[in-house]
There are 2 protein chains.
Amino acid sequence: MSIEALTEADDGPRSKRPAILAAAVECFGEVGYEATKWSEVADRVGIGQTALYHYFESKAHCLLTIMRLGLRNSDVAFRAATAEAPDALGALRSAVSAAYALSPQEVHQNRILQANIALLANKRASAREEAERQACRELVARIEHNWTVLLERGMAAGEFPRHDSVIMARSLLGLIVSVWRWYRPDGSLELDGISEFIADCCLRMVAGTQPAQR
Amino acid sequence: MSIEALTEADDGPRSKRPAILAAAVECFGEVGYEATKWSEVADRVGIGQTALYHYFESKAHCLLTIMRLGLRNSDVAFRAATAEAPDALGALRSAVSAAYALSPQEVHQNRILQANIALLANKRASAREEAERQACRELVARIEHNWTVLLERGMAAGEFPRHDSVIMARSLLGLIVSVWRWYRPDGSLELDGISEFIADCCLRMVAGTQPAQR
DNA sequence: TGTGAAACCAAACTGAACTCAGGTTTGCTT
DNA sequence: AAGCAAACCTGAGTTCAGTTTGGTTTCACA
């Protein structure tokens, strides 16, 4: 993800908004949201601390924006990956691959998302933060819905055995995003290998047959 | 989990340590670690804010202690559940069941653990916090090892097809704990049902056969 | 070259985590 | 029961990151 992926329509040409988001993604991804000083983000961009408030209402508002953009990307990527798959099984495999076809910056973004997802549970005091939070919740719901629909399509076509599609979707997502908790770019395992491994796991979860039940 | 589950050997009879931990588990579990005021915990216990520092070096030290005790419980529960299972398949099913056989307080504790696991990645400044963090990391490693050994046992016995046991263990754990992100006691789904669903998923992931590959 | 909006900043403020310098309670010893 | 050490607790602060205030600077465009 380049800096453009963090740019939104209403940013003027002089706007440092994307640069702030990029710096924040780096900081939050490296040492975590709480551990990063808001002023450190300002330093990296090369502006004073108070200039941040021209673009974001608060540090939390910035975090929520990062999360929303990450969720939006995931939603878009899912749709693109599954759009022209002929069968649900192929779409499933394609969707998992898409979930791991990310730039290093997007990996950071996913780690941030994963680590701070609990933030979406409780109401925010300020209006703009609450708006971002609601947007995030809608995107989460939409993404869960995407997977649910895919599963139901496969079940209806007889490709997958019948299961509760909502819980199955959540479980798949839970498995897929759990990788961001331990994956590090400098680790022993490449993202490609992880992607394949998880995809196979997902396929067995959804379409696999079970061994003797005790 | 009663208050005893939060008591440790070196607590005197007058110690409010377990009470503080119990109150903190409630607060952190309900509104999250960052959102709970340290003074709120003191209020619930019925002591002044500064009395907290007689027992914990900091709010983070308290959190890390809660996490360590939760991890310890998970480790113990796994060993108890899998100790006298004759085969790996039965042990796997038993281990997943054990992971969900929890009191409401332990559910909170697992939610806290899951939400703040990223805290274990970076070094802590203070000595006691760092000690708790190291203890947590060791427990995480031990729990991952427990699952890895179980998987290897099953593969060696021919019960499971061969897979990378370390990643598979992490994936299973990722799937299992992902439930705490969305599960709520007042939700539509009971923990029993979830447990069974996830157990079946785990069995298919580990021992299931895959459908036609693309 | 004058104007308005966007961008920016230094200094002051806020509130929650934390420290300090003691005071109080408890249980044990004699 | 008196003495006493350890454990326990507190009010009055300090600190520090995030935030607010009250402006000044920059720049596109008329």
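Proteins come first, then strands; the chains are lettered A, B, ... in the order of their sequence lines, and each starts at number 1.
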Next item on the list: Please name all residues satisfying side-chain contact (heavy atoms from CB on, under 4.5 Å) with A115(A), sequence neighbours left out, ordered by chain then number.
Entry: A118(B)
Under 3.5 Å, which donor-acceptor pairs do the side chains of residues 143-152 of chain A form with other protein atoms, sequence neighbours left out?
from: E144(A); atom 1: OE1; to: R170(A); atom 2: NE; distance (Å): 3.4
from: N146(A); atom 1: OD1; to: R79(A); atom 2: NH2; distance (Å): 3.4
from: N146(A); atom 1: ND2; to: D75(A); atom 2: OD1; distance (Å): 2.7
from: T148(A); atom 1: OG1; to: E144(A); atom 2: O; distance (Å): 2.6
from: E152(A); atom 1: OE2; to: S165(A); atom 2: OG; distance (Å): 2.6

Margin query: Filter on side chain to side chain donor-acceptor pair (under 3.5 Å), then keep only pairs touching residues 118-136 of chain B, sequence neighbours left out; what's left?
Written below: E57(B)-S126(B), S58(B)-E129(B), T65(B)-E132(B), R68(B)-E132(B), R124(B)-E129(B), E130(B)-R133(B), E130(B)-Q134(B)
Note to self: Give me each pair satisfying side chain to side chain donor-acceptor pair (under 3.5 Å) with a member in residues 172-190 of chain B, each pair once, sequence neighbours excluded.
What the structure shows: Q114(A)-R181(B)
Next item on the list: Report the residue from V179(B), L71(B), L102(B), I176(B) that forms a side-chain contact (heavy atoms from CB on, under 4.5 Å) with N110(B).
Entry: L102(B)
Check: Expressed in angstrom and rounded to an integer, what is the separation of H61(A) atom NE2 from dG18(D) atom C1'?
Finding: 16 Å
Check: Rounded to the Å, how far apart are Y53(A) OH and dG22(D) P?
Finding: 17 Å
Margin query: Between P on dA16(C) and CZ on F56(B), what's the gap in Å once rounded to a whole number?
Written below: 21 Å
Notebook entry, point to check: What is the per-nucleotide protein-contact pattern of nucleotides 9-14 of chain D, from the 5' end, where B denotes a base atom under 4.0 Å from a protein heavy atom, S denotes such proximity for sugar-phosphate atoms only, and - denotes neither?
Noted result: SBBB--
Item checked: Partner set under ring pair (Phe, Tyr, Trp, His ring centres under 6.0 Å) for F56(B), not counting sequence neighbours -> H61(B)
Show me the side-chain donor-acceptor pairs of residues 18-35 of chain A shorter than 3.5 Å, one per line, residues at least two apart or across chains.
from: E26(A); atom 1: OE1; to: R44(A); atom 2: NH1; distance (Å): 2.6
from: Y33(A); atom 1: OH; to: A60(A); atom 2: N; distance (Å): 3.2

Next item on the list: Mind running a 4.0 Å heavy-atom check of residues 29-42 of chain B against DNA chain D and sending the residues that fall below it, in number order?
Entry: none
Margin query: So, using ring pair (Phe, Tyr, Trp, His ring centres under 6.0 Å) as the criterion, who are the partners of Y55(A) when residues are at least two apart?
Written below: none
